[in-house]
Each structure stands twice: as C-alpha cells, then as structure tokens.
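Lettering follows sequence order; numbering is per chain, from 1.
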Amino acid sequence: MYPKEFQYHRATSFTDLFDFLEKHEESRILAGGQSLIPMMKLRIASPRFLIDIRHMSDLKLIKYEEGKLKVGSMVTHSELIESQFVNEKFPLLSQAASSIGDLQVRTLGTVGGSICHADPSADYLPALVVLRAELKIRNRKGTRIVPVMDFIKGALTTDLDHSEVLEEVLIPSYKGRSMYEKFSIRKADFSIANVAAILDTLNSKIRDVRIAVGSQEEGAVELFELEQALNDKEFSLEALEAAAKEAVGKLNPLDDIQGSPDYRRHLIVTLIVRMTDDLYHSGRKNYD
Amino acid sequence: MQEAVQIQDTGRTKYMGKPVTRLEDLKIIRGKAGYTDDIDFADQHHVAILRSPYAHAKIIHIDISKALSLPGVTYVLTGDVVASLTKPVTSRAAAVSPTSHYIMASKKARYFGEPVAAVVAVSKYIAHDALDLIDVDYEPLPTLNTVQDALKPDAPLLYDEIGTNLIQEDEFIFGDPEKAFKDAAHVVKERFSTGRYSSTPLEPYVINAKYDEVRDELLIYANDQQPGRTTQSVARIINFPVSKIRLIVPVVGGGFGNKLVIWQYVSLIGLLALLSKKPVKWVQTRSESLIAPHRPSEYLDAELAVSSDGKILGMRFEDYLADGNWPFNTALYALGKLGVMSGLYNIKDYSFKYHCVATNEPPIVQDRGVAKPFMTFVIERLVNIAAKIVRLDPAEMRFANFISPKQMPYTTPTGEYYESGNYPEVLKTALRESGYPEWKKKQEALRKQGRYIGIGVACGLEPGTSSLSYYYLSKKGTPEFNGSGQIATVEMTFDGTIRTYMNGPEIGTGHVTSIAQVLADIFGLKPEDVMVDPYYESSVGHLGYAGTYGNGFQDVYLGAYVRASDILKSKLLRIASYQLKTESSNLEIVDGGVQSILDVKKRMTFAEIAAIAYNKLLLLPPGEEPGLKVVAGYINPTSTIPYRSGTDAKLRVQLTHSNSSHVVVVEVDPKTGRTKFLSYLVVHDAGRIINPKTSESLVIGCVAAGIGQALYERFTYDENCINLCTTFAEYLKPTSLEVPDIQVQNLETPAPNTVLGTKNVGEGGAIASPAAVTNAIEDALEPFNVKITELPVSPRRLWEMISKK
Amino acid sequence: MTEVHIKINGTTYQGNVEDRLLLVHFIRDVAWLKGVHIGCDTGHCGACTVLLNGKPVKSCQIFAVQADGAEVLTVEGLAKGNETSIEQKAFIDNFAIQCGYCTSGMLVMAHYMIRKYPQLTRDQIRDYLHGNYCICTGYAQIVDAVEDAQKNYRKQ
C-alpha cells in the first residue's frame, strides 16, 4: 500500500510550524505517524503537505511543576512508560500507555498524536478523563487550556484548529488507587471495552471515586451518577453491580464487527465491578 | 524400495532421523533467504491492480485515458482486452464450467475485489496512483451472499450461461446407513458450520515476469506452490507455448495451500509482460491477499447413529458450501472430505450428499488440510456429543470405536487405504502425558470456586500424498492428472559434489535440509556438503502437478530423490569397480569416495570418478554411458485408478496416513467469553521422521493455525457482500500471546508403502486442533449447557451462548 | 524529492527520494538490503522491524525523510563478518525458523530485547513479541530462542 504524493517539512520552531500551517491549507501535522501513516497508505487520508513535529525538543519534555505533571505532546508512549516518576506518581498513565499497540508502535507513537487522532477506543482517553487532564494548545498568538473532555468532539474529531498544535498535557496529582483495564480480543487490538478508575477509601468508605469508560460513540465518558452512587458508602457488590448496570445502560458503545453494543455494555459492567472491587480491597491487578 | 530399506537396516542413518540443523537458516538469519520480491530485472516495471468495489456489478464502461497520461505509466490493461486474448478459467472438478470467467473481470464483476484493470508503471507508487485515475462505470446488481440467497428460485444468476447457481451436487452411499440408523439406540443430529478463513502466509503473492527476446521465452519468477501445473495452465490461458515458459520459484515465505491458485495471477502478469514489453513485477498488498482467496464458508447437517454402549453404527452428512464465484476449485472442499470421512473409527455405513453453490463471495483456495480440519471438527464434535448421551468419557467413546492396530492395513468404505497406525496407543499416550485424570479432578474442585476449566480431547487422521483422484468423481474418463508420483534430479558435478534440485518449492517446511539429510546418508557425506538448489526451476525435471502441497513431500517427492540417488550410486560403484578391479558388491561409499570393504587402500574419490564420467570417457566400463546426471521417478505403489458406480465410489484420495491425539486444557471466563489455554499436548505418529525438530516445529505451527481457526479468524461480510476484514486490524491472527506453549510427543509407526517408511507432517496439528479446542471450551462451560457447532467461536459468540442459557 | 542520508548498519546511504517513500522501501530499494520484509502494510505484522537510533520501529510506518540523519540497524547488521550473533545462533539452535519471512524482524527484536531487558520471563518475551507475527512456527521455538539468547548474552 502506497500513500499519495505529498510535501514533507520538518518543523524547526513554533514559528516555522505556524507559518507552514498557514501557508498550506491542505497540510497536516505529522506526529509519531502510527495512525496517520497507515491511513495514508490505505489512502483514507491524503494530506498534500505534512509538517513533522516529532523532533521539536520543546514538545518532548516530561516535567512536574505546580502540582501538575506536564507531558509534552511529542513524548512517545515508550518514553512515558520508561519514566520512573510517571510510573510512581501517575501509574494510571503508564498503565494506559502500556496497553497501546506493541513495542514498535510505542517507540514512535506519541501522547499528543494519540489524543489528537481522537480514536474513540484509544487507551489514553478514559485515563485522561478520570485524571481530569487539561490540554495546552498553542497557536501563533499564544496558548489556551482545554479540559480533555471538551477537546474530544466525537470519533476522530477534536477542538483543535488547523492553526494550532497540542503542546502539553497537564495532569493534576491524584490521591488513591487507580487502574486501567482494557478488554480486546488480542492485546494489540482496539479495545471492545476500556475503563479507567480512581478510588480512595476513608474509614472503609469509598471516597473520590472516578470512573470513565472509553470506546463510546462520543469517545470517553465519565460516569458521574455511578460515582455518586458509590461515594461515601461501604463497598457492596450487589449495590455496585446494580448501579454499574444502571449507569452503563445509558451509554452508547461503538458497534462494529469486534463487539455489539450489548456485549460491550456487559463487558464494561464486568470491568467496572471487578476493578472497583479490586481497587477497594487492594491495589492493581490484571485480569487477563 | 529395497535399497532404501537396506540403508535403514544397516544402521547407516547418520543423519536421517536426527535433529540436523536446518541449512536454510544460515541464509535466513542474514537476511539473504532470497524471496521473489528480492529479485529485480533491469528496467524493472511494476504492476498495480484495480479491483471492483462491488461484489456484483455490471461493468458498463472503463476510461483509462487519464491513467495512461500519468507520467511513468506505460500500459493499462482492462478486462475486455483480457477476454479477447485469453481463454476462460474452467473448473477442475465440476462437470460444467462457465465460459465468461476470465483472469480479469470482463462485462461483470462477481466479487468485491475482483480485478477489473491493471497498470504497468515505472514505480509501484506511480502504478498505484494511476489506479485512482481509472474511471469505471458500474451498475450494481443484487448480491448472493449465502447458499440460501443463491438457491432462491428467483435468485439472480452469477453465470447466465450455466442457468443455475448450483454448480455441483452429488450423493454417495457406503454400506447400509439406513439399517444403521434403524438399529441405533440414539441419533445425534447437528448442523455444523464454519466461516471463511485463510492461513495468510506472511509473504504475499509476488510475480515478476519478462519476455526474453534472445531466448524467445517468457521468464517468470513467482512464489508458486504448484509450479508443475502453473506452466501448463498459463500456457493454456494466455495461448503461449508451454515450452517457452521458464518458471522459477525462489524460496517461498509460507504457503499453506494459499499459493496454489497463484497461477491465475501468473497468467495475468505474464500477459502484461508480453503486452507491455517490459519486465513487470506485481507484489500483492496485504489487503489484496485478505480479499481473496479463502477457504469457503459452509454448513453441514450431520447425523450419527449410536448404539446404547457407544458404538458408532453409521453416519449421514449433507454439506452445503458457498464456493464463491471462482469456478476453478469448486467442490474441492466437499470431495476432500471423502478421504477422512470416517476418521480413525471403524464405521462402515454412511452417506454423503453435497451441494456446491456459486455466491458473490471471492474465489476459494486450498488451505492447510483443506476439507480435513472441518470434517474432523464435525466428527470429533459428534463423538463428544454422543459420548455425553451414552454417558461415556469422551476418551472412552473413542477407544470403543477406533480401528484397531490388528485391522491394519485397513480399507475404508470410500476406498481409502490406511497403511498402518496404532490409534489407541497414540490416545493412551496423550491421556497419560497430559495428566488427563488429574485435570478432571482439578476441574471439579475449581468449579466449586466458580472457575471453569475444560479438558478437550480430539483425534485426527492426517492423510498425505494427495492423489487428487476425487476430481474424477464428477468428471468422466481416466484421470488426466495424478499426484501419486514424482521425479527428481540428482547429479554429481565435475568436482565430485552431489548436487540436486527441488522438485517442489521450498516453502518453509525444511525440505532443503530433509533432502540433504537423505542424500548425505546415501552418499556418505555431511548434509552441508550436499548441494541442494533451494530454487525450483521448471526446466529441471518434474511431473505435471509438482508442488509443495497435499502433504506429499515425505512420501513421493523424497522417494524420487532416493530412487534417483540409488541409480546414481550404482553407476558410481560400477565405474569404481571397473577401475579398482573389485566386484561392486565388495565396494562401499565412505567419506566422499568409493572403497573396497576388503582393502581400504583400494579407493577412488568422487572427484576421480566424476573426472572419468565427464572427461576421461575412455576409462568408463564398456557400455557405460558418460555423465553423472540422473532423473528418476517414483509412484506410491498403493495408488489406484478411482472407481465410481452409482452412489458407490472407491477413490483412495491420499496414500499415507499419519494421526494425532490432542489433549487441551482451557479456562473460560463466562463473564467475558475469553478462553485461556492452561495446557496443550499433541501426540503425533507420522511414521519414520526425517528431522524430529523440524517435524515438531511443523506440528506446533499447525496447532497455532488451528487455534486461529477455532477462536479468531473469520472474514466477515456486510449485507452487500463486502469483506469487512481487509487488514490485520480486522482479520485477527493469533500472536505470541494467543498461542500457548505446545508439547509434542512422537510415536513412529513406519509406513510400509513408502520408500523411507515416512508418512507426512505438514498439516496434522491443524486438523484436530479446532475440534480439540472447542471440545475443551464446551467441557469448561458444561454447567451453562453451551453447545459449539460453529467456527470460529469468538469471546463475543461464547458470551452470547452463555447469556442466552 | 528530498535528499536523504541514512546510516544503515554503519554505512551511510544517500538518495534523492520522493517524500512519500517509506523507510522500508528506502532500505530495500535504495540501500538494496532485502532482509527487511513487508508482511502487512498496516503496522501489524512486524516483518519490517528495524532499530531506528537503537529502538525498534516498523519501517513501513515511517517515511524515509523522517529518518534522515538517523542510524538504522537491520538484520544484515547483526552478524560481525562471518560470526553469527547470539540471537542468530539461538534461532538456528532452537529451530525457531520455518519460512523465514518473519525472522528478520524477530531477530532485530531479539537483539534489542536481550540487551535492554536481559531478565525477561517467558511471558514477558511473549508480550514484547506480540507485534511480530509468525504464521509458520506457532511462536514456541521463537520464545525458546529468545530465552536462550538472553541466557548466553548474560554469560558474556
């Protein structure tokens, strides 16, 4: 499979990048390319101009400032996984990154690329939602901050304007235990159901639980009602199951050859129940 | 045959039967394997193929002008031109063939992805650009997605000239099934089905062709699995003399049967080389390979008559196959079942009816084991279901029905001749080695904790050396081709080196090493000193249906090498005998020379003998011909001409019969439908083994393929018969995480009817594994009363079955 | 067209190439190193795996222009002269090869894995290799080979 012709440019600075985007209407930003390049080879996407930002050192930093983790958009999944700091303080993020593709894809694929591609079954989305992540977006004039929930506008659509670039992902510190689980037929496959959860306990009562579900028509969705039903209560498997079923019943899971909405809803409930049970009673555990 | 047996008996098997390091690997690990795409001609041009976006559509008009004007494009071919220059593709098995089916669609496209035009350009990128510039006017037609669609009385016709979509049907009755069912205490009745799948060799089709004006020949490189037939088929299709086609098959990156129909593309690319007057290469994309061809989808209504003590009395099968649109392989998956219909069991009374239907699904192709994995799935599932009814352990049920070693050789009602085998011993070993009784106990204990593990047993016959005789059940006349024999070329070169050539392509199954092992033992050499050219060349001796398929290598292909080597060896001994003035019977071959067993100083090196045979001709014994090149052939002595009378037939489809028993332990999560393997063991009896490590590796690889068929692989079509699985994101192959460690044990029951006592090893793991895996899953889910009758069984499908109960 | 310089196995190859030329085609058709194979076109099968600046990538998922100035290691760069590398020897010894089409990618992965993570368990090896399809072997002997190579690497 062979992509159509295009002109390539390697961005040297933000100014260079914004100049290029302004000059070429039919241009696209090339990050790690692990989604865009296959689409170009299948000729589903055929941009006439590509600007490569993978080498921009400003976008490759992992920092911790003002109580927030700041991940440059061109940090690769592998770099994120290998960061000891992230692993210790934001294990949810490492877990989501480890679930992406395979070793080779994670070498090139970037955090920013994945977010901006906005595949509804992407691994980062539910994790970023429960982490209440914000995105720092830059254009020629300056920057703006958007919560990740508002950034994703649906399958493969985002709030990003053609003149803008995602610069950083900002993630506030969190308390409690966290877990990301994905059910896919094979490990590298798109998830049929994926759930991220954070949960704390105080005096054997659930506190600050946050649960977000991916692979939905609209991307990832946080289940506020379910959280409310669980918060400040003791753990009860029956109540959890009932509340999870109720909340998940209202979701719009994707419908494709990998999984029907019914099957996906059932899987989501199963994941939520098992994860909540686990987070409440211990720590991280893998079900596969 | 006697000579070879003598080699075995005198203990001179220094290399045969040993885990000799594969000679192929030394090149592969350096990236120098030498696949078809690694070879380029000067002025190499590239081909891209435009394919129909509809599964059924009239082609009203094709405009190629824009494509032709793209710089770099040198030629564009359309279906109408193909139809005017070539002959249609016909069927091998069906009595009728369409007259409107060409190697490229003309007037009408009949499957999603059928070629409608082809471009020749200076680069592969430009060739693909040009495809976007070809305008085709289609008029979509209603599609025939299933057997039922195609058989509706008012269904549109795929081929008007045939007048029906029912291409071929037939009925066979063996013994007295009526009586068997009358006598039965229980009758098991089920419909079994499978989706379309394909083994998808990692190397796609690659063909590179050019017309050589100096030698006046069409030179073709292609990764073809059956090149012996290809040259003849290409000659017929494109009206070009077979004597002027030189086909070279470089090392092939996996075959699994899927490269047996590449000849239709070889015809197309060959034609493009002639028309464009350029060397043209086509490298199939993965999407093209996933579009077509596949194994067909089918369903089979099965009945099993069982006595109250678990004896199988009879069977009735009625098979419906959606053979897609391509006439060439129609009926293959129905007729192929006849060779293994009664499996390893002593069953005399059964009947088989089949219906092969044309649909708008893509062409079908042979895939590892062809009809045998599904037939075995049906039988082995039936046995398990019956065992439950008569309250026997599934293993006990099998012991009660096996053909006993005392009955060997055993002729089945279909005429299949099982030359040897000890089925009870194989299963007994498998049960013992897998810890079957312990797992059963564990299962009970775990169930109480809400964990569901299951133990699956399945046994399978693995026939080898396809005589191809089933094609003659529907076509009249004696066979015009047959797979029961092969020839081989073995020579000694000027310097005394033993050199030989492939009589079938090297597709990854270690044939180069196996040949070297056998020849090393015959000529007293080390395997690495035997020169085996890994490329197949049509100019070197081979028979009409030569190829690496049908599990024939260990029997007739290797047998031909032994035959040719024996003749060459006798000649070496005669020349030495004359020179050394020693009786031939007192000479032996040792370390690259011939010497007297009485006096080791009386010795001639191979180089000295070669010098006489090629140069010093006057030193040859009187009457001896010069030269040391031998082409010799071999036919398996048990092959027969197929016989057909009414509903009876004796066809002896395959000539050797390996067998295996699989014991699988799985755990199923009923909440998600996910299956996890806890243990997988195969006991395999493939007669004498040439290379135990290669053989083990093939069995494991086959099991992995069977796991794919059982759990993951299926081409899904939408309501317009469009394939939704055209990349590896949708067509799911098992990876290193899905295939468990697999234990293999070998038993060796030599074949009395092959030169070396060998049987066959290339398909076995794949034949019984879908049955074994599904038996295990069903056993795990016994409390949920799940019955598996369909392949593959995905987590979603399992969950649906569990949640319905 | 862009002028590209890529150092492959220690030798710099230069080409004036179309921007859309994939790295795998640069390696195969410009540098003429045919050990890198294409098995799927969409980044799933791993037959085209090479190390790019020391890290494994699928060379059919990156354009040659993106790799301008980079260092690439392919299967041809594993052996030192006639001496086979640890992982090459392990693949031969463990009968981890059938048709060989996936082997180049598998070997490059093995080369990377045993150096980067010399203490992998069998399950971890399987986890790191799941982006490399093998249709022939059923993987067991490949996992054996990586385990074996790892052992021998540690002994060094």
Side-chain angles (χ1 to χ4, degrees), chain B residues 19 21-22 24-35 37-38 40 123-125 199-204 251-256 283 285-287 506-510 691 693-694 696-705 707 727-729 733-742 765, chain C residues 18 20-21 25 28-29 32-47 74-79 84-85 87-89 91-104 107 122-123 125-144:
Chain B
T21 298
R22 280 170 33 114
E24 295 89 334
D25 294 355
L26 297 167
K27 295 169 195 162
I28 291 169
I29 53 142
R30 289 170 192 276
K32 307 285 182 202
Y35 304 103
D37 192 23
D38 301 351
D40 273 350
S123 88
K124 31 200 172 203
Y125 287 77
S199 282
T200 64
L202 204 52
E203 178 203 35
V251 170
V252 180
F256 317 111
V283 180
T285 64
R286 178 53 61 190
S287 290
E506 172 55 55
I507 63 168
T509 40
N691 190 323
K693 289 300 285 185
T694 303
E696 180 187 333
S697 178
L698 284 167
V699 173
I700 294 174
C702 280
V703 170
I707 288 172
T727 76
F728 278 151
K733 302 298 294 184
T735 75
S736 53
L737 288 172
E738 282 74 45
V739 184
D741 280 332
I742 293 154
Chain C
E18 275 193 282
R20 62 171 164 169
L21 186 79
H25 288 136
R28 285 182 59 85
D29 300 338
W32 216 253
L33 294 165
K34 302 292 192 182
V36 181
H37 302 136
I38 300 168
C40 75
D41 298 303
T42 48
H44 291 91
C45 82
T74 72
V75 69
E76 288 93 339
L78 296 179
T84 50
S85 68
E87 55 279 353
Q88 286 173 322
K89 191 172 176 308
F91 269 62
I92 295 177
D93 291 348
N94 288 279
F95 289 78
I97 304 172
Q98 284 186 35
C99 85
Y101 202 77
C102 74
T103 308
S104 308
L107 280 170
R122 209 170 161 80
D123 283 347
I125 293 170
R126 285 185 176 276
D127 193 24
Y128 282 123
L129 280 181
H130 78 88
N132 291 70
Y133 291 9
C134 172
I135 313 291
C136 301
T137 66
Y139 302 101
Q141 303 90 323
I142 293 172
V143 180
D144 293 345

>> Which atoms of B:Val703 are under 4.5 Å from chain C, going by heavy atoms: the side chain, the backbone, both sets, or neither?
In response: neither
> Do B:Thr200 and C:Tyr133 have side-chain heavy atoms sitting under 4.5 Å apart?
Replying inline: no
> Among C:Lys34, C:Glu18, C:Lys89, C:Arg122, which residue forms the greatest number of heavy-atom pairs with chain B at distances under 4.5 Å?
Replying inline: C:Lys34
> When heavy-atom pairs shorter than 4.5 Å are enumerated against chain C, which of B:Ser697, B:Ala704, B:Gly31, B:Ala705 gives the highest number?
Replying inline: B:Ser697
>> Heavy-atom pairs under 4.5 Å with chain B - which of C:Tyr128, C:Trp32, C:Phe91 has more of them than the others?
In response: C:Trp32
> Is it the side chain or the backbone of B:Glu24 that comes within 4.5 Å of chain C heavy atoms, both, or neither?
Replying inline: neither
> So what's closer than 4.5 Å to chain C heavy atoms on B:Tyr35: side chain, backbone, both or neither?
Replying inline: side chain
>> Which atoms of C:Cys40 are under 4.5 Å from chain B, going by heavy atoms: the side chain, the backbone, both sets, or neither?
In response: both
> Side chain, backbone, both or neither: which part of C:Glu87 has a heavy atom under 4.5 Å from chain B?
Replying inline: neither
> If you round to the nearest 0.5 Å, how far is CD of C:Gln98 from CD1 of B:Ile507?
Replying inline: 9.5 Å
> Does the side chain to side chain contact (heavy atoms under 4.5 Å, CB included) test come out yes or no for C:Phe95 and B:Asn691, once each step is laid out?
Replying inline: CA-CA 11 Å; C:Phe95 289 78; B:Asn691 190 323; 4.1 Å; yes
> Given that the side chain runs from C-beta out, which part of C:His37 has a heavy atom under 4.5 Å from chain B: side chain, backbone, both or neither?
Replying inline: side chain
> Side chain, backbone, both or neither: which part of B:Lys27 has a non-hydrogen atom closer than 4.5 Å to chain C?
Replying inline: neither
>> Rounded at 0.5 Å granularity, tell me how far CZ in B:Arg30 sits from OG1 in C:Thr84.
In response: 6.5 Å
> Checking C:Ile142 against chain B: side chain, backbone, both or neither under 4.5 Å from a heavy atom?
Replying inline: neither
> Which residue out of C:Asp123, C:Leu78, C:Ile135 racks up the most heavy-atom pairs below 4.5 Å with chain B?
Replying inline: C:Ile135
>> Please find the pair of heavy atoms, one from C:Leu21 and one from B:Tyr125, that lie closest to each other, and give the distance.
In response: CA-OH, 3.6 Å
> Which atoms of C:Arg20 come close to chain B, meaning under 4.5 Å heavy atom to heavy atom: side chain ones, backbone ones, both, or neither?
Replying inline: both
> Does the side chain of C:His44 reach to within under 4.5 Å of the side chain of B:Arg286, using non-hydrogen atoms?
Replying inline: no
> For C:Asp29, is it the side chain, the backbone, both, or neither that has a heavy atom closer than 4.5 Å to a heavy atom of chain B?
Replying inline: side chain
> Checking C:Ile97 against chain B: side chain, backbone, both or neither under 4.5 Å from a heavy atom?
Replying inline: both
> With only heavy atoms counted, which part of B:Ile707 is less than 4.5 Å from chain C, the side chain, the backbone, both or neither?
Replying inline: neither
> chain B heavy atoms under 4.5 Å from C:Glu76: which part of the residue, side chain, backbone, both or neither?
Replying inline: both
> Between B:Leu698, B:Thr509, B:Leu26, B:Val251, which residue shows the highest count of heavy-atom pairs closer than 4.5 Å to chain C?
Replying inline: B:Leu698
>> Under 4.5 Å from any heavy atom of chain C, what part of B:Asp37 do you find: side chain, backbone, both or neither?
In response: both
> To the nearest 0.5 Å, how far apart are NE2 in C:His130 and OG1 in B:Thr735?
Replying inline: 6.5 Å
> In terms of heavy-atom pairs under 4.5 Å, which option from B:Val283, B:Thr727, B:Leu202 contacts chain C the most?
Replying inline: B:Leu202
>> If we define contacts as heavy-atom pairs under 4.5 Å, which of C:Gly35, C:Ser104, C:Cys136, C:Ala140 has the most with chain B?
In response: C:Cys136
>> Is B:Lys32 close to chain C through its backbone or its side chain, or both, or neither, when contacts mean heavy atoms under 4.5 Å?
In response: side chain
>> Heavy-atom cut-off 4.5 Å, strictly under: side chain, backbone, both or neither for C:Tyr101 against chain B?
In response: both
>> For a 4.5 angstrom cut-off between non-hydrogen side-chain atoms, does C:Asp127 reach B:Leu737?
In response: yes
> Using a cut-off of under 4.5 Å for heavy-atom pairs, which of C:Ser85, C:Ala47, C:Cys99 has the most such pairs with chain B?
Replying inline: C:Cys99
> Does the B:Arg22 side chain pair with the main chain of C:Ile92, one donor and one acceptor, at a distance under 3.5 Å?
Replying inline: no
> Is the shortest distance from a Lys or Arg side-chain nitrogen in B:Asp741 or C:Arg126 to a carboxylate oxygen in the other one below 4.0 Å?
Replying inline: yes
> Quick one: of B:Ser287, B:Pro734, B:Gly510, B:Cys702, who has the most non-hydrogen atom pairs under 4.5 Å with chain C?
Replying inline: B:Pro734
